Every structure is written in structure tokens, then in C-alpha cells.
Enquirer: 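One structure, as C-alpha cells, below. Some questions next.
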Amino acid sequence: MRFMLLFSRQGKLRLQKWYVPLGDQEKRRLGRELVQTILGRKAKMCSFLEWRDLKVVYKRYASLYFCCAIEEQDNELITLEVIHRYVELLDKYFGSVCELDIIFNFEKAYFILDEFLLGGEAQETSKKSVLKAIEQADQLQEVRAVYLPRPLIPLISQAF
Amino acid sequence: LFSGAARRVGASRRKRRNPAKMPAVSKGDGMRGLAVFISDIRNCKSKEAEIKRINKELANIRSKFKGDKALDGYSKKKYVCKLLFIFLLGHDIDFGHMEAVNLLSSNKYTEKQIGYLFISVLVNSNSELIRLINNAIKNDLSSRNPTFMCLALHCIANVGSREMAEAFAGEIPRILVAGDTMDSVKQSAALCLLRLYKASPDLVLMGEWTSRVVHLLNDQHMGVVTAAISLITCLSQKNPDEFKTCVSLAVSRLSRIVSSASTDLQDYTYYFVPAPWLSCKLLRLLQCYPPPEDGAVKGRLVECLETILNKAQEPPKSKKVQHSNAKNAILFEAISLIIHYDSEPNLLVRACNQLGQFLQHRETNLRYLALESMCTLASSEFSHEAVKTHIETVINALKTERDVSVRQRAADLLYAMCDRSNAKQIVAEMLSYLETADYSIREEMVLKVAILAEKYAVDYSWYVDTILNLIRIAGDYVSEEVWYRVIQIVINRDDVQGYAAKTVFEALQAPACHENMVKVGGYILGEFGNLIAGDPRSSPLVQFNLLHSKFHLCSVPTRALLLSAYIKFINLFPETKATIQEVLRSDSQIRNSDVELQQRAVEYLKLSSIASTDVLATVLEEMPPFPERESSILAKLKKKKGPGVVPVSELEDGKREGGELNGGGDRGPDSSTPSPSADLLGLRSAAPVSAAAPSAGSLLVDVFSESGAGGPAAAVNDDGFLRFVCKNNGVLFENQLLQIGIKSEYRQNLGRMYLFYGNKTSVQFASFSTTVSYPGELQSHILTPLPPVEPLVEGGAQVQQVLNIECITDFSEAPQLNIKFRYGGALQNITLKLPVTINKFFQPTEMAATDFFQRWKQLSQPQQEAQKIFKANHGMDTEVLKAKLLGLGTALLENVDPNPENYVCAGVVQTKSQQVGVLLRLEPNAQAQMYRLTLRSSKDTVSKRLCDLLAEQF
């Protein structure tokens, strides 16, 4: 996968993950053009399109579009399910996720994505495992932030 | 404001949240200040208000960061997170990197995590910071705390820079295969390595780890296999031999998954489909290899593929689209593998039948993919016939699909399944589709129709009809290549010439016909109008009047072509002479403000008045047949679609069958000499008409050269060109007729090149002319005025020409030299790259080791450096290398590089506008027969160009 974008129906980018090195200008330009292309498509159209030298796979969930640009040899249908699995992960984590969750907790959205996909490839496809990793991290911080004034090394290792 | 955004995104049906409320951050330690800030931004009514709010926040953060009071970790994290948010909104951030780096060494997990996120999103190539970041990563990697290790690995994978590869590419494989590494860390390590390998393959060396990495396919943790297989696939593509043991492992893993019950794999089962991601990746990995040689392995694999095809026929275990998508993802990947093997007729036909079912599926996505996948099936000899049985469905898709991207796939498939048996039907359908086709795909459709019509033409009248129809229906999209081609073919086939003349004559009767039709009509009637002149309805004068009635509506190039057709008419039909002379003599021709038209009118008028009938007949003789060559239309389509889209076999077919249509290509005398720029008329001039005064000879050359608008022709002497990078004198080009030698000298930013043209034959070259053209913007970078040469070169003689060169700024392209002359009546047209390269303007610079390395360090911006690693193409002899480096024009510095095997050079490129210092380092590796070449200079284009040129020299 080359990159993944989440954007609203108004064309606002909510999350962008680039798996290929590109300059900031180039990222903004590509993002803008692709968002316009997809928003210009009618509902019920095919979820796949050829765009420049890329294959684009996208799906809309409520007010948010999830869009992946993949390589020539990548599988379109499994990419659709990558999107769906990510949505499920967000949903499970936030509890009935909505666009606002992703806006206000954008950093969490990135962390969850990093647990699921790394370098554009699936790292862990089990929903339980991904959520466990995130919950563990959350616990780690709650324990520290709430109960302990100073970090104690043994506690970290206890967490595992 | 929130109503849209607050709608549920996810699939589970729980109660909707109060949309007006800011969501409570339920998880982790939320950052209140951040939430307030985000809320403020969302409440901004205008872009200006938003920018104002952001600037206020930036000022606040800057003052906090600069303040005397040390910030606690929490505040630092909060501000860094705010900066990140601002950046992601699309604003530039130029500070905060240091604070983010500080967070990396915090031992609070969330602080570290935010620090890493910031670094991942806003990498800065500032070398000081990179060192600090790498240090922090190093600490986390050696912490033995799996959570920290994963964070560090994620950061490396997200950034993937060369510096990180240099620092960690050695360490990560060890982590990946170590027995005591946690599974989650292995997963991150595998994909981290993949990312580094993609960015800097030379730095990731698997070597001793290869076999242990391959064996990760056997790991009992499915997540580890899923992550590792992406790495293994990428490595296998590059080094198939080293990784070939993965084939049998992949087959057995696949077999276990395919035969497992839908619940066996627990959480790796996705909507009742066992491990769809891993299955797809296994099938993808197998596509890097030919079918397994081991009979047992192959049998097992065929069994898997059959099971997958069987499962497609079973009733679905769930109505959810996720179930069918996951299942079909595997099916399509399996079909790709079957097509890749192209050796199992039974499986190929089953795959085709399965896709046939999908062609009529109610899911648009499946129809799209089925059309796409069938395109590749069509090129297999085993399944071509099976694909053809779906022709009606595909034609129907072309007519009725509502989504243009699906129709595009249908058109592609029709093109792929076309052969002699169905060409007429398919071409007719495509033509009728063209009438209403989307603008976005018209040009490609036109090219496809033109190619199919040519490739499968049995009778040429059908071919001519088809192309004329194309022009009628989609004239604006018919490129030059298409109408050139129909003329080439008509000229080469005398059995179609009469029909073509009759058909264009009829087509021109239409009151409004496309200009391309006028071009084809003018050309064909000018050549073959006599074949239909017997019919009083198309008598010479009627033909002429018909053509001339279009004249005033046409553009200048078309009018020029028509004028040439008129002079041909005078030769074909003496009875039209008076009428045509009158037209030529009229003020609108002979005093036309366009030089080209005026010149043609004057010259044709004169020619028609003074030349005897015999001379006229010789001068205006029918065009000789064109030499056989690949259809330029096919070349255009390939260029349009990029490599790989048109199968190679098609190119060969095109050649073979195109040749048939051309009636053999051994007729023209120039078919044996290279004439790459000779397109339709063998006269596409690459450069503006030479300054040489037009003689009677050059008039003839120019009669039909109205197509000068075409782009510059490709030069033929890439090899010859590269031989001159490190030397200045020698033979630049030679064929049976002509030898061109050069001698050149350079000083500062000036150069002088002597060109010697030698006529190797005993016959005179007539209309000899040379021009220099500049691809792209080159003209503004170097100047090379070229004086005219004598138009006649006697047999055995040599003429000389001097070229003065001035380098204004640095440049990458090479100027092209175009040579035209007539040899025994045939026009010769040669285009060569002139070996004027940026290194010619080098002044050598001697310097001591300390100086060299100090300058080397100063040029450490990534864009200042260009590097290539490449295999030695010639022997690695020291003396030869030295001679080449000296020939390059730089100073070869001795005793500078600590490694005596290496070479370092220094020089200054002199251009009129600036001087560019260049340092070069060449590191040979005799054992691997490889070089690493590094160029550093103060100008990125210079580094890059020199690196490209030099990489071809050793």
C-alpha cells in the first residue's frame, strides 16, 4: 500500500498515512486531487479506480471516506477488508466510533493503525490481538498517570 | 455543526451519542488542553479565524518552549501533540522537533508514544536531530521492553530513511530471528525491515539470516507469519534463488489454511473465512516463482487451487459483504496464480468460467474485477477461446455499465479477446460505443480500434472503411499516428488504392467533415485520384473542386498538404493545370502571410510552368512504398498505458501481421539504413528547417514535410553518445553510407566541436543539410550556433563543420544533430545525440585530504548528493579507471581516501551563470564486481546528471 487517507464528505482530511517517502507539498497535492476525484464519484459506483499509476480502493462509512492507494499487484478486495477491519478496530476501541472521536483522538487513530498496518502491510489481522496491544498501552499510562507519581521500572515488566 | 461528523462510522449498532457534546475522552489520559484547542478550531467560522487561532496557539507554544521554567513531561507532550494537530490541518511547523525528541527518552509510555508519532509524521533531515532520534531508538531497541521496542520499530518503519537504515539495518534481522523475541516485536521487526529494504536495498543484507527468515513461514503464531510473508515476498522478488525454499513451505501453509474448518483459526478467521490476509499473501508469494518442480508439492498446490475454486460454488456462510469479499479476494489471488503458471488448462478454463459468472454479478466490484482478470486470461492460449464465449456479456457491459471505470475495463477486455474470428464484430461495437464514449477514454479507444483494424484486416477495404469511420466519429481524437498509418498502408497495397480513393472521395462529400478527413482525402486523391477519374462523377476537376471547397476552413498544415496535392494533380491530370495555376497565382496563395504556404505556392507555380512533362512526372512520381516497421500507433498506445499493459506477444503479432499488411518491407532502398525519425513520410523533421538556402533539391525534400510539428525524433546513438563522456575525439556514427567523426576541445564554459561528415559511397549526396535541436528547455542552457554546410557531398569526400558551444547554466539533456540528405533518390534522415555533456566544462581542482573532507562534509544535504551502486560493465583495471576519471575532466586526488582502493576526484563545472564545485568518490568492490559512485556538489541537478552519466562508464 502506498498511502491511506480518511476524509469527510466536505473533503477535510482526518487521517493520512504515507508509506512512501514524499515531500509535504506533494502529499498535499496528491491528497487534494484524490479527495476531489472520489467525492466526484456517485454512490453505488465501483469501489476501485485507476488513478494515475495507482489503484485506488475506497469505501464510505457514514460521513467518512476511507481510501487506500495500492500497488499494481495488490488485491483490491482484501484492501476493502483492510479498511473494514480498521473501522471495526476503531469502533471497538471508541465504542461506536464516529468522526468526532477520530478528530479529537487523532493520535489514538494513528496508534491503532500502526498496530494493524506497518509499512503499508498487515502486521496483525486479529482484532483481539490489536486491541489487546492498545489496551495494554492504555493501562500502562493510566497506572502511571493516576496512581504513581514516578515511573517505577518493575511495574512495566509486571504489565507483561 | 457536528451533526454530520457525529454519525456513527462503525458497524455495531449501539445508541447514538449526543451530537452536540464534545466527546468525553474515555480512554487513556486525555489532554484537556488539546481537546479545547481542537474544539476552538472546529468552532472557527472562517479560514481567517482558524489561522488567527492557530497563530495564537503557535505563539503560546513557542513561548512555553522558550520559557525559563522547565516544562514537565505532560505539558511537553500536550504541546507537541497540538503542533502535530496543526501540521495535520495543513499548516507548516518549523519548531518543536527538539521537544519531541526529548519526549522519546521519557520513560512514560504516552510521552514516548507522542514523541515517536511526531517524529514519524514530521521527519526532519536535520542531521543533529537524526543522531539524537537514532540514539533514543537504539536505547528502546535494547531495552528488552517489548512495548518500547515496538514503538521504536514502528518509528523506523514510518520514517524509513537512509540514515535509519544505516543505523539499524544490521540490528533488526537479529531481533527478527532471535529465539527470545516476543511475537509482537517479531511482527514489527519483519515489516520494519521490509520498509528499510524498499528504501535502501543495498543496506539490508539478509545473508546468514535468510533461511531462518524463510522458516518464519512455519511459525505457529499466525500474526508472525502474516507479517513475515510480506518481507519474504519482497525479498523473493529480488533474490528468487536465495529464497526458493519458501515455495514448499508456502504451499504446505496454504494447504493447512484452505483445508481448515472455518472456526479452526479462531481470531484469524474473518467472517467465516480462515485467514484471508495470509492466504492472499501466500498465493501472491507463489506468483514470484514458476510452478513447483517437486511433483508432490505441485499436486498439493493444485489441490489447494481446486478447493478454492470449489468453495466459490458453495453457498455463502454469511450474507455479509465482508464474507464474500474475503472469500473472493482469495479466489482472485488464486486465479492470478493460475494465470501466472499458465500451464494447467483445466484450471484456466475453470477460472474463466468462474469469472464468467462474476461478469453478471449484482456487485459492481466483482464485475469490475472479473473484467480485469479476464483480460489477462485472454492472452493465454489455453483460455483464449473460453474467454471469447463471453463476448456478448462484455459488449453488453460496454453498453450498459453505469460506471465509466467499469466500461473502461470492458473495452480493455474486448481489445484483449479480439482475434481474426471476432474482429469485425468487436471493432463495430467499439466504433458504435465511441459515438457516446466518455471523453476521458476516447483517445485510447481510437488507438485500440485502429490497431485492431490493422492487425486483423483480411480485406483492406474493411480497414480503410474502419479508419475513415473513426475519423468521422471521433476525428478530434484521431492522432497523427492513426491517419499516417492508413496512408502508409494504402500506399504500400496497390489492391486497396482504388477503393481508398473512391471512399475518401465519398466521405469528402459530407458538408462538414473533419479536418483529418481532409488530410487523408488530400493525400490519397493526390496520389491515386487517377484511379477514379474515369467516372464522370469524380472527374479530375470535380475532385479538385471538392478538395478546394474545404481549403479555406483548414489550418495551415492541412492547407500546405492540399497545395502539395494540387501540384500532384497537375501531374496526374494535365487538364486541371490551368485551374490550379490560377489558384496558386491568386493573392491569397502567392502572397499568403504564412511563409510556408507562400513558398509552396510560389515554387509549385514555378515548377508547373517551367518543368517539362517528363521532369514533372519524375519529380511528382507516386510515393514509393514505406519500409516495414512497427506500427507507430501501437508504440503510442504502449506509451500511453505504460509498459506491461500491452502484452509483448502482441507487439510481435503486430509486427508480423502489420508486415503482411504492408506487403513486405524490403522494397525501399532506405529500409536498410536507420531512419528512426522517418515517420509517415520519412520526412518528419526534428528541427526547424535549416538555414541553408533551399535549392531545387531541398524543395523536393520539403514537398511533403508539412508534418514538421511532430516532436523531435529519438536519437539512435545512445551507445556512441556514452563513449564520449570521458573522451573528446572519435567516430560518433557510421553506417554503410556515412561516417561522422568528431574532435572537440573545451575551455572554461566554452567549447568547440569539429564535425567531419564522410561520404563512404561513390555517389554524390544531394540536399545535404544539418540542424541542431534542443530537447526541452536545453536551448536556454547551452548555445550551439551551427553554420550551414555545402548541400552537395561528392562520393568519397569529407566535409567539415564547426560547432561553437557556450554553457549558460548546467544541463542534463543532450543536443540532437539531425542530418538529411538524398542518396540515389532516397531521403536519408539521421538523428544523433551530440556528446556535449556537463562534465566537458570541468576545471580540475587539486586539494589536500583535509580540504577534501571538509568540503565533503559541507555538502551533506541529501539533495546535494547523488549515489548509484552498480555492477561493473568492463574490467576493473586500475589504469583504465584512472584514464577514464582523468578524461572526465576532474583532478584525480591521490592519497586522500583512507582506503587506497577508492578513487576521489574534484573539479569545478564552469557555466556562464555560476561555478559548481563537484566532489566524486568511486568505491570499487572487486570481489562483488560492483561500484559505489557518490557525487556531491552544490547543485542537485549537477550531482544527479554526473552520477547518471558516470554510472554508464565503468
Side-chain angles (χ1 to χ4, degrees), chain A residues 8-9 16 21 28 44-50 53 61-64 73 75-78 80-81 84 87-88 90-91 93 95-101 103-108 110-111 114 118-119 121-129 133 136-138 140-142 144-145 151 156-157 160, chain B residues 2 4-12 14 17 23 25 27-29 35 38 81 85 88 90 107-110 113-114 117 145-147 154 157 160 184 187-188 191-192 194-195 199 223 226-227 230 267-268 270 276-277 280 284 322 325-326 328-329 332-333 364-365 368-369 403 405-406 642:
Chain A
S8 68
R9 261 190 308 175
Q16 41 177 318
R28 277 176 206 166
K44 301 263 172 194
M45 274 189 169
C46 183
S47 306
F48 319 127
L49 64 143
E50 278 183 344
D53 60 333
Y61 288 85
S63 59
L64 266 191
Q73 72 275 9
N75 187 310
E76 290 96 337
L77 284 173
I78 208 72
L80 263 185
E81 295 321 299
H84 187 74
V87 173
E88 283 184 349
L90 293 170
D91 197 57
Y93 180 80
S96 200
V97 68
C98 68
E99 191 184 340
L100 275 187
D101 292 315
I103 296 170
F104 280 92
N105 302 289
F106 67 97
E107 78 283 10
K108 292 286 178 205
Y110 280 95
F111 297 147
D114 270 356
L118 194 59
E121 301 284 340
Q123 172 174 223
E124 178 54 83
T125 60
S126 151
K127 192 154 68 173
K128 275 190 201 140
S129 303
Q136 263 175 359
D138 278 346
L140 215 62
Q141 67 197 40
E142 264 168 4
R144 287 237 191 76
I156 306 170
S157 38
F160 298 92
Chain B
F2 290 171
R7 280 180 52 203
R8 277 184 307 109
V9 172
S12 72
R14 273 181 244 155
R17 191 175 286 157
V25 185
K27 307 268 180 167
D29 61 344
I38 295 176
C81 210
F85 180 79
L88 290 169
N107 41 19
K108 285 195 183 159
Y109 180 77
T110 47
Q113 200 183 19
I114 295 290
L117 180 60
N145 173 335
T147 321
H154 290 181
S184 60
Q187 287 166 277
S188 298
L191 292 175
C192 187
L194 170 62
R195 174 73 195 261
T226 307
S230 297
D267 211 33
Y268 291 91
Y270 179 84
W277 279 277
C280 286
R284 172 89 205 102
Q322 284 76 30
N325 279 350
N328 291 327
F332 274 104
E333 209 58 67
T364 313
N365 289 345
Y368 177 97
L369 294 175
D403 186 343
S405 43
V406 186

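No hydrogens, no waters, no symmetry mates; every other heavy atom, side chains included, goes into these values. Fair warning: this is a prediction, and the values are worked out from it, not measured in the lab. So that the names make sense, note that chain A is the first sequence line, chain B the second, and so on, each numbered from 1.
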Enquirer: Based on non-hydrogen pairs under 4.5 Å, which of B:Thr226, B:Asn328, B:Leu117, B:Val406 is most in contact with chain A?
Expert: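 Of B:Thr226, B:Asn328, B:Leu117, B:Val406, B:Leu117 has the most heavy-atom pairs under 4.5 Å with chain A.
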Enquirer: Could you check which of A:Ser8, A:Ala133, A:Gly119, A:Ser126 has the highest count of heavy-atom pairs closer than 4.5 Å to chain B?
Expert: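 That would be A:Ser126.
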Enquirer: Is it the side chain or the backbone of A:Phe48 that comes within 4.5 Å of chain B heavy atoms, both, or neither?
Expert: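 Backbone plus side chain of A:Phe48, per the 4.5 Å heavy-atom cut-off to chain B.
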Enquirer: Identify which of B:Ala157, B:Ser230, B:Cys192, B:Pro276 forms the greatest number of heavy-atom pairs closer than 4.5 Å to chain A.
Expert: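 Top count of heavy-atom pairs under 4.5 Å with chain A: B:Ser230.
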Enquirer: Hey, what do you get for CG (A:Asp114) to CD (B:Gln113), rounding to the nearest 0.5 Å?
Expert: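 Rounded to the nearest 0.5 Å, the CG-CD separation comes to 9.0 Å.
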Enquirer: With a 4.5 Å heavy-atom cut-off, do A:Leu118 and B:His154 have their side chains touching?
Expert: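 Heavy-atom side-chain distance check passes, below 4.5 Å.
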Enquirer: Taking the side chain as everything from C-beta on, heavy atoms only, tell me whether A:Glu81 gets closer than 4.5 Å to B:Trp277.
Expert: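 Yes, their side chains come closer than 4.5 Å.
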Enquirer: Please report the interatomic distance CG(A:Leu49) to OH(B:Tyr368), rounded to the nearest 0.5 Å.
Expert: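 Here the rounded value is 7.0 Å.
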Enquirer: Given side chains that start at C-beta, do those of A:Glu124 and B:Tyr268 come closer than 4.5 Å, heavy atoms only?
Expert: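 Yes - at least one pair of side-chain heavy atoms lies under 4.5 Å apart.
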Enquirer: Given heavy-atom pairs under 4.5 angstrom as the criterion, report whether the side chain, backbone, both or neither of A:Ser129 touches chain B.
Expert: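 Interface part for A:Ser129: both.
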Enquirer: Mind checking what makes side chain to side chain contact (heavy atoms under 4.5 Å, CB included) contact with A:Ser47, not counting sequence neighbours?
Expert: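 Applying side chain to side chain contact (heavy atoms under 4.5 Å, CB included) to A:Ser47 gives A:Leu80, B:Asn365.
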Enquirer: So, B:Ser188 and A:Gln123: side-chain donor and acceptor under 3.5 Å apart, yes or no?
Expert: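 There is such a pair (donor and acceptor under 3.5 Å, judged by atom type) between the side chains of B:Ser188 and A:Gln123.
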Enquirer: Pick one of side chain, backbone, both or neither for A:Glu121, based on which atoms fall under 4.5 Å of a heavy atom in chain B.
Expert: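 Both parts, backbone and side chain.
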Enquirer: Going from CD on A:Gln16 to CG on B:Leu88, what distance comes out if it is rounded to the nearest 0.5 angstrom?
Expert: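 Spacing of CD (A:Gln16) from CG (B:Leu88) equals 5.5 Å.
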Enquirer: Using non-hydrogen atoms only, which part of B:Leu194 is less than 4.5 Å away from chain A: side chain, backbone, both, or neither?
Expert: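 For B:Leu194, side-chain heavy atoms alone lie under 4.5 Å from chain A.
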Enquirer: Where on B:Cys81 is there a heavy atom nearer than 4.5 Å to chain A: the side chain, the backbone, both, or neither?
Expert: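 Interface part for B:Cys81: both.
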Enquirer: Could you look at B:Leu369 and say if it's the side chain, the backbone, both or neither that has a heavy atom under 4.5 Å from chain A?
Expert: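 The side chain, not the backbone.
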Enquirer: Chain A heavy atoms under 4.5 Å from B:Tyr270: which part of the residue, side chain, backbone, both or neither?
Expert: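 Interface part for B:Tyr270: side chain.
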Enquirer: Whether the side chain of A:Asn75 engages the backbone of B:Ala329 through a donor-acceptor N/O pair (distance < 3.5 Å, no angle test) should be reported.
Expert: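 Side chain of A:Asn75 to backbone of B:Ala329, a donor-acceptor pair under 3.5 Å: yes, one is there.
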